[in-house]
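First up is the structure itself, then whatever we jot down about it.
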Amino acid sequence: MVIVKHTYIADLKHKVGEEVTLHGWVYNKRSSGKIWFLILRDGTGSTQCVVVGGQVPDEVFDLDGVLTQESSVSVTGVVKEEKRAVGGYELEVSDIRVHQIAQNYPISKKDHGTAFLMDNRHLWIRSKRQNAVLKVRAEIIRACRDFLDSNGFVNLDTPIFTANACEGTTTLFETDYFGQKAFLAQSGQLYNEANIMSFGKVYCFGPTFRAEKSKTRRHLTEFWMLEPEMAYCDLDENMEWAEGLICHIVDWALHRCKEQLDSLERDTSQLRKVKKPFARVSYTDAVEILQNSGEGFEWGGDFGGGHETIISDHFDGPVIVHRFPAAIKAFYMKRDPEDERLALGMDFLAPEGYGEMIGGGEREADYDTLLRNLKQHKLSEDAFQWYLDLRKYGTVPHSGFGLGLERTVAWICGLSHLRETIPFPRMIYRLEP
RNA sequence: UCCGGAGUAGCUCAAUGGGUAGAGCGGGUGGCUGUUAACCACUAGGCUGGGGGUUCGAGUCCCUCCUCCGGAGCCA
């Protein structure tokens with residue numbers, strides 16, 4: 001069913017010669033005495049509206065001196081093809097209806113600092129650039145769901161209030177749950193592992209919370225994570241799913257977000273190079289790459305952002321790193337049967353220095369081994385009783401991963417900071433607006 | 001928590017070796033019939049982040065606190 005309530009700026013090219021009414025906000029205004037120009041934006045784009053003295057009632061013409069940036073107006077006029085207008089079309093105004101005159105809009109047409117813009121995030125999202133980024137975000141979400149939905153995955157969302165830490169290591173936000181301690185979820189994975197035993201392939205997609213006091217452009221305290229989980233799936237197949245998902249996202253964005261990526265001046269040649277199969281490198285070989293590049297890196301450590309960049313630059317494209325030292329990975333990761341020191345984990349590193357987008361791996365499916373790992377990590381056996389149950393009643397090899405949505409948006413859009421990839425970012429020093 | 005950097009008009013930034021705080025944008029007033037972050041003229045707007053110190057004199061030098069930005073660690 002299609003509901004058409006009114007005309008949008010994006011549709012003007014199909015309305016040449018017709019009289020339409022646009023509903024939007026004043027983006028800019030230029031006056032030249034007996035003629036003035038109103039740049040209107042409506043969320044789908046912006047267009048120039050021309051107001052000519054003598055061709056409209058005086059009270060409409062006099063709005064030149066009244067309208068301010070971001071005032072809300074409905075503009076009626078005939079659509080005209082016009083080379084002089086940005087976008088190629090303009091509206092010959094016959095009437096303007098004012099909804100409200102905006103007062104002292106704080107964001108001007110000139111440059112602003114990020115601190116000021118973040119304080120005015122509720123207004124900043126109206127800008128063309130933020131509109132483009134957030135549109136790409138919405139399309140990437142569609143791409144993720146489209147890929148999984150059309151590949152037999154069932155979307156089952158997992159709780160945000162949880163009683164326990166999933167990995168024990170990272171800091172969690174604590175809340176009061178009717179007198180009991182509760183934590184905000186940092187992953188839905190453990191619940192996904194229960195769900196796959198009913199549905200085979202599932203995914204959850206929602207906000208997750210990390211109370212780490214990270215202070216970098218690559219971290220938010222609240223971010224969205226897509227987490228697929230598959231029964232009867234080993235590490236190799238897991239990597240193929242991750243690869244397929246990334247390719248689908250990139251493809252989708254290149255086709256459906258052309259206009260947005262153009263306006264963000266994203267060089268898409270790098271994105272076009274993202275093709276299957278991705279390079280795969282073991283942790284051990286990656287360490288060798290680091291050492292050969294002159295980094296004093298020792299086997300057993302975790303990669304930092306700089307290390308990831310060196311590794312992905314070495315492959316000039318996307319790369320999946322696999323089989324990490326078990327000591328630096330979570331208790332639920334399956335050990336490599338060929339080398340007990342290793343865990344069957346994998347990270348997907350995006351090119352151009354964007355680093356880790358995906359982290360995941362094959363899960364430990366054996367009851368006794370999992371119990372031993374729990375104890376080694378000094379986690380409470382009681383709290384994980386239900387999780388251990390999954391290994392008692394028809395356990396199977398299974399794998400999954402988590403994709404950081406905001407990091408993916410930043411990479412696709414070519415942004416240097418995650419704060420622009422979500423409407424209202426939450427960071428260590430940013431809880432408002 | 002550690003290491004850098006920055007706080008001056010509503011916003012973005014200037015201010016030579018301490019010596020009367022300026023510009024652009026935005027606001028206000030006026031002008032202009034095709035403007036493209038339009039332009040031109042005039043105009044209002046300041047406890048230089050807070051506190052203390054040195055000095056005849058501090059935006060500038062010293063101490064201290066606060067806030068923000070970038071990076072490290074941790075991670076998606």
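Letters A, B, ... mirror the listed sequences (proteins, then strands); counts begin at 1. What you see below is based on every heavy atom in this structure, not just the backbone, and it leaves out hydrogens, waters and symmetry mates.
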Quiz prompt | Contacting residues from residues 405-417 of chain A, given that a heavy atom lies under 4.0 angstrom of RNA chain B | solution = Arg407(A), His417(A)

Quiz item: Tell me, which pairs form a side chain to side chain donor-acceptor pair (under 3.5 Å) where one or both residues lie in residues 401-410 of chain A, sequence neighbours left out?
Solution: Arg137(A)-Glu406(A)

Self-check item: Phe303(A)/Phe297(A) aromatic ring centres below 6.0 Å
Solution: yes

Quiz item: Whole Å only: how far is the CD1 atom of Ile428(A) from the C1' atom of rU1(B)?
Solution: 10 Å

Quiz prompt | Spacing of Met346(A) atom CE relative to rC75(B) atom P, expressed in whole Å | solution = 17 Å

Quiz item: How would you list, by chain and number, every residue that makes a salt bridge (charged side-chain N to carboxylate O under 4.0 Å, His left out) with Arg430(A), sequence neighbours excluded?
Solution: Asp119(A)

Practice problem: Tell me what Lys329(A) touches on the nucleic acid: a base, only sugar-phosphate, or nothing, going by heavy atoms under 4.0 Å. | Solution: nothing

Self-check item: Contacts of Phe209(A) that satisfy ring-ring contact (aromatic ring centres under 6.0 Å, His included) - sequence neighbours left out
Solution: none

Exercise. Give the minimum heavy-atom separation between Arg335(A) and Ala326(A), together with the two atoms involved.
Key: NE-CB, 3.4 Å

Quiz item: Leu123(A) has an atom CG; how far is it from atom C1' of rC11(B), in whole Å?
Solution: 14 Å

Quiz item: Of the candidate nucleotides rA76(B), rC75(B), rG34(B), which contains the atom at the shortest distance from the side chain of Ile35(A)?
Solution: rG34(B)

Exercise. Could you give the distance separating rA14(B) and rA72(B) at their C1' atoms, to the nearest angstrom?
Key: 33 Å

Exercise. Report which part of the nucleic acid Asp347(A) touches: base, sugar-phosphate, or nothing (heavy-atom distance under 4.0 Å, all strands).
Key: nothing

Quiz item: Got a sec, which residues hit ring-ring contact (aromatic ring centres under 6.0 Å, His included) with His248(A), two or more places apart in sequence or on another chain?
Solution: Phe147(A), Trp252(A)

Practice problem: Mind running a 4.0 Å heavy-atom check of residues 112-120 of chain A against RNA chain B and sending the residues that fall below it, in number order? | Solution: His112(A), Gly113(A), Ala115(A), Phe116(A)

Practice problem: For rG45(B) and rG22(B), measure between their C1' atoms and round to the nearest Å. | Solution: 13 Å

Exercise. Name the closest nucleotide to the His219(A) side chain, picking from rC74(B), rU33(B), rG34(B).
Key: rC74(B)

Quiz item: For Arg426(A), what residues pass the salt bridge (charged side-chain N to carboxylate O under 4.0 Å, His left out) criterion, not counting sequence neighbours?
Solution: none

Quiz item: When the P atoms of rU8(B) and rU60(B) are considered, how many whole Å apart are they?
Solution: 13 Å

Quiz item: Pick the nucleotide of RNA chain B nearest each of Lys29(A) and Ile358(A); which residue has the one closer to the 5' end?
Solution: Lys29(A)

Quiz item: Of all the choices, rG27(B), rC75(B), rA72(B), which nucleotide is nearest to the side chain of Lys215(A) once you look at every atom?
Solution: rA72(B)

Quiz prompt | Sole candidate of Met230(A), Glu362(A), Glu193(A) that passes side-chain contact (heavy atoms from CB on, under 4.5 Å) when paired with His398(A) | solution = Glu193(A)

Quiz item: Which value, in whole Å, describes the distance between the C1' atoms of nucleotides rC74(B) and rC63(B)?
Solution: 35 Å

Exercise. For rG10(B) versus rG27(B), give the span between their C1' atoms, rounded off to a whole number of Å.
Key: 9 Å

Practice problem: Enter the distance from Leu63(A):CG to Asp58(A):CG here, rounded to the nearest 0.5 Å. | Solution: 11.0 Å

Quiz item: For atom P, what is the distance between rA41(B) and rA58(B), given to the nearest Å?
Solution: 37 Å

Quiz prompt | Among rU35(B), rU33(B), rC75(B), the nucleotide that comes nearest once only the side chain of Arg218(A) is considered | solution = rC75(B)

Practice problem: Hey, could you give me each pair passing side chain to side chain donor-acceptor pair (under 3.5 Å) that has a residue in residues 11-24 of chain A? Not counting sequence neighbours. | Solution: Thr21(A)-Thr76(A), His23(A)-Ser74(A)

Exercise. Flag yes if more than 12 heavy atoms outside Glu298(A) fall under 6.0 Å of its CD atom; otherwise flag no.
Key: no

Quiz item: Under 5.5 Å between ring centres and under 30° between planes: true for Phe223(A) and the base of rA76(B)?
Solution: yes

Quiz item: What distance, rounded to whole Å, do you find between the two C1' atoms, one in rA9(B) and one in rU48(B)?
Solution: 10 Å

Quiz item: Taking NZ, NE, NH1 and NH2 as the nitrogens, is one of them in Lys201(A) or Glu237(A) under 4.0 Å from a carboxylate oxygen of the other?
Solution: no

Exercise. Quickly work out the Arg426(A) CZ to rA76(B) P distance and round it to whole Å.
Key: 22 Å

Self-check item: Tyr191(A): ring-ring contact (aromatic ring centres under 6.0 Å, His included) partners, not counting sequence neighbours
Solution: Trp386(A)

Practice problem: Can you tell me the distance, in whole Å, between the CZ atom of Phe348(A) and the P atom of rC75(B)? | Solution: 20 Å

Practice problem: Consider the side chain of Ser32(A), meaning its heavy atoms from C-beta on, and name the nucleotide among rC75(B), rU35(B), rC32(B) that approaches it most closely. | Solution: rC32(B)

Practice problem: Verify the contact: side-chain N or O of Arg419(A) to OP1 or OP2 of rG70(B), cut-off strictly under 4.0 Å; return yes or no. | Solution: yes

Please list, for nucleotides 39-45 of chain B, all pairs of protein and nucleotide N/O atoms separated by less than 3.5 Å.
none

Quiz prompt | Rounded interatomic separation in angstrom, taking CG from Asn104(A) and C1' from rA9(B) | solution = 14 Å

Quiz prompt | Gln48(A) CD to rU33(B) P, straight-line distance once rounded to whole Å | solution = 17 Å

Quiz item: Mapping Val52(A) and Gly402(A) onto RNA chain B by nearest heavy atom, which one lands closer to the 5' end?
Solution: Val52(A)

Quiz item: Phe205(A) CZ to rA76(B) C1': how many Å, rounded?
Solution: 12 Å

Quiz prompt | Validation row, ring centre Phe348(A) to ring centre Phe401(A) under 6.0 Å | solution = no

Quiz item: What nucleotide among rC74(B), rG34(B), rU33(B) has an atom nearest to a side-chain atom of Arg84(A)?
Solution: rG34(B)

Exercise. Check the surroundings of atom CD in Glu174(A): do more than 12 heavy atoms from other residues, nucleotides or ligands lie under 6.0 Å from it?
Key: yes

Exercise. Go ahead and write out RNA chain B as dot-bracket, 5' to 3': ( ) for pairs within the strand, [ ] for ones crossing earlier pairs, | when the partner sits on another strand, dots for unpaired; Watson-Crick or G-U wobble, both distances under 3.5 Å.
Key: (((((((..((((.....[..)))).(((((.......))))).....(((((..]....))))))))))))....

Quiz item: Who passes ring-ring contact (aromatic ring centres under 6.0 Å, His included) against Phe153(A), sequence neighbours left out?
Solution: Trp241(A)

Self-check item: Side-chain ion pair, Lys273(A) and Asp316(A), N-O less than 4.0 Å
Solution: yes

Self-check item: Separation of the P atoms in rU43(B) and rG49(B), to the nearest angstrom
Solution: 28 Å

Quiz prompt | Any donor-acceptor N/O pair under 3.5 Å between rG27(B) base and Gln103(A) side chain | solution = no

